[in-house]
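For reference, the structure is listed below as structure tokens.
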Amino acid sequence: MKRALGAMAANWLRKPENQERIKRTARDVWGKFQQRREARKNPNASTKGPQGQRPTERNAPDSHDE
């Protein structure tokens, strides 16, 4: 069972669109972690500002629809 799951994951990761999805998710998670870490260091700073944020799936323009 473990080998089957590992093989399924390996096959899924071979596709370039899935690799991009993983990278995008990792960047989002890392950014959120850094925001929380900075907010903990400096509780007076606001974490809601749009400056310095990378475009995510939610706020990026849809260039693939054109």
Side-chain angles (χ1 to χ4, degrees):
M1 184 70 175
K2 289 181 184 178
R3 285 186 184 173
L5 289 173
M8 288 171 51
N11 286 332
W12 189 83
L13 285 170
R14 283 192 183 109
K15 295 181 180 178
E17 60 269 15
N18 293 335
Q19 292 174 5
E20 292 170 12
R21 179 189 255 174
I22 291 291
K23 288 178 186 178
R24 185 173 54 241
T25 302
R27 270 189 249 116
D28 291 346
V29 169
W30 180 246
K32 289 177 185 178
F33 169 76
Q34 286 182 325
Q35 281 182 342
R36 286 192 304 266
R37 186 173 61 180
E38 289 299 318
R40 200 173 353 162
K41 286 181 182 178
N42 189 0
N44 296 331
S46 174
T47 60
K48 297 284 182 181
Q51 305 88 354
Q53 290 183 350
R54 294 184 177 186
T56 63
E57 205 170 345
R58 291 182 205 105
N59 63 10
D62 292 328
S63 60
H64 57 82
D65 290 338
E66 297 175 18

For this session: Using the test side chain to side chain donor-acceptor pair (under 3.5 Å), find all partners of Arg14 that sit at least two apart in sequence or belong to another chain.
Result: Asn11

Exercise. Which residues satisfy the side chain to side chain contact (heavy atoms under 4.5 Å, CB included) test with Ile22, sequence neighbours excluded?
Worked result: Trp12, Leu13

For this session: State, yes or no, whether a side-chain contact exists between Glu38 and Lys41 at a heavy-atom distance under 4.5 Å.
Result: yes

Exercise. Within a radius of less than 6.0 Å around CZ of Arg37, do more than 12 heavy atoms belonging to other residues, nucleotides or ligands occur?
Worked result: yes

Seminar exercise, completed: The ring-ring contact (aromatic ring centres under 6.0 Å, His included) partners of Trp30 (sequence neighbours excluded) come to Phe33

